[in-house]
Amino acid sequence: MAFYEQHIHDAPKTFLSKYIFSYDHKVIGKQFLWYGILFLGIGGMMALMIRWTLAFPGQPFPVIGNFLFPSTGGVVPPDTYAMLFTMHGTIMIFYAITPILIGAFGNYLIPLMIGARDMAFPLLNLLSFHVAVLSGVLLLAGLFTPLGAAAGGWTSYPTLSTLIGSPGVGQTLWTLAIFVLGISSTMGAINYITTIITLRAPGMGYFDMPLSVWGLGLTAILNAIFLPVLGAGCLLLVFDRVFGTAFFLAGAAATSGTGDPILFQHVFWIFGHPEVYILILPAWGIVSDLLSFFARKPAFGAKATALSMTTITILSTVVYGHHMYTTQMSPLLTQSFMTLTMTISIPSAIFFANWLGTIWKGSIRFHSPMLFSLGVVFVFGLGGLTGLYLATVTTDLYLHDTYFVVGHFHYTMAASVLLGGFAATYFWMPKMFGTMMNEFWAKVHFWITMIGLNGIFMGMMVVGYAGMHRRLYNPFVYEFMERMMPINTFITWSAIIMGLSQIIFVINFVHAVFFKKEKAGDNPWEVGTLEWTIPSPSPHYNFKEIPIVKCGPHEFGNPNLTGERDFQYQTEELA
């Protein structure tokens with residue numbers, strides 16, 4: 001079979017083959033989207049419980065508090081608080097952000113944007129989703145065990161995560177769930193990489209790919225390399241918990257032989273720091289495309305942006321030690337990790353400047369995907385700059401484990417990725433479901449989300465700089481923290497506002513998917529990438545004829561264009 005000859009699959013005929021056990025990358029993408037939205041709701045509710053406890057200590061959580069915590073009259077108990085921040089972090093990172101940006105948009109977009117009919121391995125794709133479901137079931141099952149779910153923090157450092165710190169089954173289920181999810185993500189990563197390398201349409205060089213595909217492809221490479229490292233660490237932790245080994249136990253805690261708790265931190269952060277970029281690279285790629293599309297200009301320095309993302313990907317693999325300055329590692333090592341971490345700011349600054357260059361003097365259309373993309377530019381600027389304080393050894397020693405760290409990584413990861421995810425959802429909604437969401441409510445959703453989000457994360461950095469430590473059930477028992485109560489109340493109200501604003505999105509999304517009669521056009525945003533050359537929603541075979549690519553993805557303003565169009569399809573060749 002020639003390289004580009006791909007067969008048209010038969011259309012699925014039964015409910016099971018169409019919606020449950022589908023081989024179609026588009027259906028699997030939508031499955032991951034629903035999966036991620038479900039966990040986003042669960043993780044978001046846990047965040048509200050955490051914030052309520054900090055703002056109103058000793059008061060019952062409204063509405064559902066008495067149902068969830070009857071023994072304390074609706075007040076979140078201390079042991080449950082530890083479980084809440086553990087599960088919130090885990091769910092948001094591994095079960096909400098990852099499925100939405102990588103699972104949903106990776107699956108849906110990669111074949112469409114490179115001109116392929118499906119992924120290289122459709123069966124592997126199907127399996128990756130169902131293994132992810134199994135992982136989610138294992139994680140949530142911990143909530144119903146006698147001692148509750150995991151409570152060792154989302155990093156699950158030993159000894160907090162060993163039988164000494166967490167004797168319940170919940171922590172074991174957490175570790176198994178992450179291991180199983182790693183299998184799912186590794187299968188997906190191999191599929192993405194193979195698809196991008198082998199199934200690009202004729203004429204499409206690597207620099208002709210949209211930057212969204214660049215971001216998703218680089219993420220897949222990081223996943224394929226580093227998820228097995230985390231998987232190995234989780235497996236050893238399971239052995240410690242179930243079979244009595246002592247890989248991460250030392251001293252009197254180890255009944256036979258001796259291990260090293262710090263070893264787990266090395267293993268975790270060798271994966272954990274690239275994980276930051278695993279989550280954020282897809283959002284960066286998507287935003288790089290959308291800024292160009294809605295500024296009606298070619299992406300400024302598109303090749304430099306792609307190469308900068310590649311450089312950041314490579315550097316992200318050698319900077320993990322900056323998470324461990326306080327573990328008493330050698331000063332020579334801390335200086336090396338600090339220098340390498342600072343080096344990442346160079347390619348980051350290049351593509352950030354390219355974003356500004358793209359929108360500079362553009363004919364900007366302020367549709368909802370563009371607003372959310374501009375939101376990413378804003379929050380990533382703040383998150384990136386505050387990261388310099390944590391990359392530097394001297395300031396990190398003071399700020400480590402304070403709410404400054406929480407505010408920083410929420411700005412960098414949560415805010416950037418959340419806003420990028422919303423931008424992508426609003427933008428590709430017509431291609432995924434054949435309808436568009438209401439623009440007015442989309443913009444209301446954007447502004448309330450931005451106000452709430454900045455109130456939360458800016459407030460966290462303020463109280464963190466003032467010395468408020470994270471993970472304390474009631475930090476205000478310490479006299480110097482009593483004056484931070486008003487700011488914590490402000491942060492909590494910001495979180496409530498942001499949480500309520502998501503109801504607008506859910507209603508808008510559900511209405512567009514299930515109840516809206518008016519169909520979207522094939523190319524309502526007027527852009528030229530390959531997915532917009534086919535009908536909306538995309539047919540099951542994607543392309544009747546495999547397209548031949550003749551230009552890049554960001555061609556705008558060609559003087560040889562006919563009619564009133566200002567964009568050029570990638571299948572067009574104009575002088």
Side-chain angles (χ1 to χ4, degrees), residues 1-9 25-26 29 105-120 191-218 220 282 285-286 288-294 296-307 309-310 358 424 427-428 430-432 522-536 538-563 565-575:
M1 187 172 74
F3 209 59
Y4 304 111
E5 290 176 6
Q6 302 167 48
H7 299 295
I8 292 181
H9 304 307
H25 72 98
K26 298 183 293 297
F105 290 106
N107 266 300
Y108 200 90
L109 294 181
I110 288 175
L112 288 174
M113 295 187 104
I114 64 171
R117 291 207 172 104
D118 207 330
M119 286 285 181
N191 219 350
Y192 290 4
I193 295 167
T194 311
T195 302
I196 291 170
I197 292 175
T198 63
L199 297 184
R200 280 174 291 116
M204 179 176 272
Y206 285 109
F207 288 114
D208 296 318
M209 296 191 308
L211 292 165
S212 303
V213 179
W214 269 92
L216 290 161
L218 292 169
I286 287 167
S288 300
D289 280 334
L290 295 190
L291 290 177
S292 166
F293 296 157
F294 288 95
R296 314 308 292 174
K297 281 178 60 186
F300 184 84
K303 287 185 180 178
T305 300
L307 293 174
M309 287 199 291
T310 308
T358 300
F427 182 71
W428 278 290
K431 201 53 62 181
M432 295 179 85
D522 292 345
N523 188 5
W525 305 115
E526 299 183 318
V527 295
T529 46
L530 294 178
E531 77 274 23
W532 300 104
T533 63
I534 59 177
S536 297
S538 314
H540 77 274
Y541 48 80
N542 291 359
F543 301 92
K544 279 185 180 176
E545 303 289 337
I546 296 297
I548 298 174
V549 173
K550 297 178 178 173
C551 64
H554 310 115
E555 300 294 335
F556 289 95
N558 190 319
N560 294 320
L561 283 166
T562 56
R565 269 197 299 145
D566 66 344
F567 68 97
Q568 181 178 337
Y569 286 108
Q570 281 194 272
T571 51
E572 287 182 297
E573 187 171 27
L574 298 175

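Keep in mind the model is a prediction, meaning the values are calculated, not measured. All values below come from the heavy atoms of this structure, side chains included, with hydrogens, waters and symmetry mates left out. Count residues from 1 along the sequence.
- In this structure, CD1 in Ile110 is found 4.0 Å from CD1 in Ile196, a value given to the nearest 0.5 Å.
- Between the side chains of His25 and Asn191, not a single donor N or O lies within less than 3.5 Å of an accepting N or O.
- Scanning all heavy atoms of the two residues, the minimum distance from Phe293 to Pro553 falls at CE2-O, 3.6 Å.
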_Test log, rule side chain to side chain contact (heavy atoms under 4.5 Å, CB included), inputs Leu109 and Val213_ = CA-CA 8 Å; Leu109 294 181; Val213 179; over 6 Å; no
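- Going from atom CD of Glu572 over to atom OG1 of Thr562 covers 7.5 Å, rounded to the nearest 0.5 Å.
- In this structure a side-chain-to-backbone donor-acceptor pair under 3.5 Å is present from Trp214 to Tyr206.
- Rounding to the nearest 0.5 Å gives a distance of 11.0 Å between OH of Tyr569 and CG of Leu530.
- Note that CG of Leu112 is 9.5 Å distant from OG1 of Thr529, once rounded to the nearest 0.5 Å.
- Taking the side chain as every heavy atom from C-beta outward, Gln570 and Met204 approach each other to under 4.5 Å.
- Between Tyr192 and Met119, some side-chain heavy-atom pair lies under the 4.5 Å cut-off.
- When atom types are taken as modelled, the side chain of Thr571 and the backbone of Ile548 share no donor-acceptor pair closer than 3.5 angstrom.
- Here the closest heavy-atom approach between residue Ser292 and residue Lys297 is recorded as OG-O, 2.5 Å.
- The line from CG of Leu211 to NE2 of His554 is 4.5 Å long, rounded to the nearest 0.5 Å.
- Between Met209 and Met113 there is no side-chain heavy-atom pair separated by less than 4.5 Å.
- Aromatic rings from Phe427 and Phe294 are positioned such that their centres are separated by under 6.0 Å.
- In this structure a side-chain-to-backbone donor-acceptor pair under 3.5 Å is missing from Asp289 to Pro210.
- Closest non-hydrogen pair, Ser536 versus Asp522, comes out as N-OD1, 3.2 Å.
- When all heavy atoms of Thr358 and Phe300 are compared, the pair lying nearest together is OG1-N, 2.9 Å.
- Closest approach of Gly106 to Pro111, counting heavy atoms only: O-CD, 4.3 Å.
- For the salt bridge (charged side-chain N to carboxylate O under 4.0 Å, His left out) test, residues two or more places apart in sequence or in another chain that qualify with Asp566 are Arg296.
- Here the shortest heavy-atom pairing between Lys544 and Ile8 reads O-CD1, 4.3 Å.
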*List the steps, then state whether side chain to side chain contact (heavy atoms under 4.5 Å, CB included) holds for Asn542 with Lys26.*
CA-CA 9 Å; Asn542 291 359; Lys26 298 183 293 297; 2.7 Å; yes
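- Atom-to-atom distance recorded for Glu531:CD and Phe543:CZ is 7.5 Å, nearest 0.5 angstrom.
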